[in-house]
2 protein chains.
Amino acid sequence: MGLDPGRRSIGARRNPDSADAILDAAEAVLVEAGYSGFSIEAVARRARAGKPTIYRWWPSKAALLFDVYQRLKRVDHPDTGNLEDDLVGFLKSLFSHWRETSSGSIFRSLIAEAQSDATVAAVLAEYTKGRHAHTGQMVERAKARGEVAADVDATLVADLVASFAWTHLLTNRLDADETTLRRAVGYVLKGIEADGSVDPAAVRRGRRRVIGRVTG
Amino acid sequence: MGLDPGRRSIGARRNPDSADAILDAAEAVLVEAGYSGFSIEAVARRARAGKPTIYRWWPSKAALLFDVYQRLKRVDHPDTGNLEDDLVGFLKSLFSHWRETSSGSIFRSLIAEAQSDATVAAVLAEYTKGRHAHTGQMVERAKARGEVAADVDATLVADLVASFAWTHLLTNRLDADETTLRRAVGYVLKGIEADGSVDPAAVRRGRRRVIGRVTG
DNA sequence: TCGGCGAAACGAAACGGCCCGTTTCGTGCG
DNA sequence: CGCACGAAACGGGCCGTTTCGTTTCGCCGA
């Protein structure tokens with residue numbers, strides 16, 4: 001990960017469970033006081049630990065955040081044999097995971113931190129790249145089934161779906177119901193014209209009418 | 001907006017251009033030092049102004065940020081008569097606007113700030129709600145043209161497109177070329193099965209049946 | 001028309017408070 | 001002994017507020 005390089009290095013004699021206590025405290029502080037109240041000093045106070053101890057194990061606030069986030073393991077998403085169900089299930093469980101554990105707050109904080117710390121941004125970029133690849137596998141499986149065309153950009157589809165999740169996390173809209181999630185995924189997979197109920201002539205008419213009404 | 005309530009109130013005698021100088025300084029500090037270097041004291045130093053002057057006019061750092069952002073007017077997007085072109089043009093000009101002015105840095109900072117300040121989050125939510133409505137108008141126009149079904153959720157489409165823009169801003173990926181933007185918009189409008197030659201039977205097999213679509 | 005007065009906004013400086021990241025010191029344990 | 005630890009304190013920065021003396025106008029009476 002690159003954010004906690006020297007951790008558990010060879011020379012380290014011991015680390016009883018103070019590290020775990022610190023991670024516990026960090027999570028608690030983050031949940032109770034929010035990102036604005038999340039400081040190394042606050043974590044140290046809560047863990048009854050010294051600041052130098054924290055700095056010995058984590059080089060930055062973000063590294064600590066990242067470790068806290070990764071402690072909360074995420075459920076792996078089953079292969080339903082159908083891309084839409086795969087993606088809806090993914091969003092559903094991700095939303096509830098973010099809502100019902102402290103993961104949501106922590107990940108929000110990580111994204112915020114990345115906006116003011118380039119090294120965090122780099123780590124976050126690498127992490128999300130991996131996540132996108134993972135989500136993209138759902139599309140790849142659909143390709144293998146012949147469900148979608150082989151030239152579909154799986155990463156881009158993952159990007160669209162993950163982007164939807166990110167902004168809903170960042171703007172306190174994790175309460176979207178399954179119908180909305182399914183509709184959103186449906187748009188990406190089948191488009192908004194999917195059932196062909198639209199008069200093609202009208203569409204063609206609309207496309208030709210390009211002139212005029214510029215400034216809006 | 002609610003973030004700068006007393007500004008230019010009746011009793012205010014004058015505000016020569018110190019306010020503008022402060023906004024200029026704020027923008028400059030943000031561009032040169034980034035969000036992490038953006039502090040009221042730094043802005044005051046740069047503007048050769050006193051901190052109380054800044055606090056007299058803006059109640060918080062975020063309010064100042066918001067004013068700086070709104071000073072940079074955005075081009076209104078022309079009606080091309082075609083939804084795909086409307087949305088691609090929207091993304092293209094938004095990306096270049098974020099890339100080539102300081103708007104990108106500022107908006108990133110606003111989003112980050114919203115993660116630790118609830119009042120900022122509320123203002124940002126209202127702002128983006130309005131932006132979504134604006135983007136949704138493109139879909140509504142397409143409905144009026146008969147280009148898309150009348151029961152399409154215009155806000156949700158706007159949400160998908162804007163989410164894509166947000167995450168690309170937040171993860172330093174504003175360099176997407178027009179092909180990628182067009183492909184992303186194409187997925188949302190026409191689905192991922194539209195751009196390739198795929199066996200329709202296989203598609204239908206994988207697809208869930210859509211029932212009861214109401215036509216306009 | 002003009003001069004002066006006072007209110008309001010200003011720049012500068014300093015306040016207590018919090019947090020940063022680091023250093024020092026005494027303790028406990030292998 | 002050697003090392004990790006908790007605790008305390010370091011200088012530095014920014015927070016939001018207060019105080020102080022100055023400047024800039026609007027108002028009003030001469």
Side-chain angles (χ1 to χ4, degrees), chain A residues 3-26 29-30 32-65 109 112-113 115-120, chain B residues 3-26 28-30 32-65 67 109 112-113 115-120:
Chain A
L3 271 183
D4 48 350
R7 201 166 165 207
R8 292 178 198 269
S9 63
I10 304 171
R13 281 275 199 87
R14 83 212 122 121
N15 151 47
D17 33 24
S18 76
D20 282 322
I22 289 170
L23 288 172
D24 288 340
V29 166
L30 198 47
E32 292 171 14
Y35 180 50
S36 56
F38 182 74
S39 68
I40 297 291
E41 294 208 339
V43 173
R45 276 195 301 269
R46 171 103 190 191
R48 298 189 166 278
K51 283 198 295 174
T53 303
I54 297 181
Y55 280 107
R56 182 182 345 261
W57 299 70
W58 294 275
S60 71
K61 183 156 75 173
L64 180 55
L65 268 177
S109 305
E113 189 77 15
Q115 306 312 311
S116 54
D117 185 332
T119 73
V120 183
Chain B
L3 270 182
D4 48 351
R7 202 164 165 208
R8 291 179 199 269
S9 63
I10 304 171
R13 283 278 201 82
R14 84 212 121 120
N15 151 45
D17 33 27
S18 77
D20 282 323
I22 289 170
L23 288 171
D24 287 341
V29 166
L30 199 46
E32 293 171 12
Y35 180 50
S36 56
F38 182 75
S39 66
I40 297 290
E41 297 210 338
V43 173
R45 276 195 301 269
R46 172 99 189 195
R48 300 189 164 279
K51 284 200 293 174
T53 303
I54 298 182
Y55 279 107
R56 171 168 14 246
W57 300 75
W58 294 275
S60 70
K61 184 157 76 173
L64 180 56
L65 269 176
D67 266 19
S109 305
E113 191 76 13
Q115 305 313 309
S116 54
D117 184 333
T119 72
V120 183

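Order of the sequence lines sets the chain letters (A, B, ...), proteins ahead of strands, with each chain counted from 1.
Between B:Ala44 and A:Gly37, the one whose closest nucleotide on DNA chain C sits nearer the 5' end is B:Ala44.
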Report all side-chain donor-acceptor pairs from residues 44-51 of chain A shorter than 3.5 Å, counting only partners two or more places apart or in another chain.
unit_1  : atom_1 : unit_2  : atom_2 : d
A:Arg46 : NH1    : A:Glu32 : OE1    : 2.8
A:Arg46 : NH1    : A:Glu32 : OE2    : 3.2
A:Arg46 : NH2    : A:Glu32 : OE2    : 3.4
A:Lys51 : NZ     : A:Glu41 : OE2    : 2.8

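Between B:Thr53 atom OG1 and B:Ile40 atom CD1 the span is 11.5 Å, to the nearest 0.5 Å. Note that the CG atom of B:Asp67 and the CH2 atom of B:Trp57 stand 11.5 Å from one another [nearest 0.5 Å].
For D:dC14, the OP1/OP2 oxygens have a side-chain nitrogen or oxygen of B:Arg45 closer than 4.0 Å. Distances shown here put every side-chain N or O of B:Trp58 at or beyond 4.0 Å from the OP1 or OP2 atom of D:dG16.
Sorted by residue number, the members of residues 46-56 of chain B with any non-hydrogen atom under 4.0 Å from DNA chain D read B:Lys51, B:Pro52, B:Tyr55.
Rounded to whole angstrom, the span from the CD atom of A:Glu41 across to the C1' atom of D:dG11 amounts to 14 Å. In this structure, B:Ile22 atom CD1 and C:dA9 atom P are separated by 13 Å, rounded to whole Å. To the nearest angstrom, P of D:dT17 lies 11 Å from CD1 of B:Ile40.
For B:Leu30 against B:Ser109, the heavy-atom pair with the smallest separation is CD1-OG, 3.8 Å. Here the shortest heavy-atom pairing between B:Tyr35 and B:Ala112 reads CE2-CB, 3.8 Å.
You'll find the side chain of B:Leu64 reaches within 4.5 Å of the side chain of B:Phe38, heavy atoms only.
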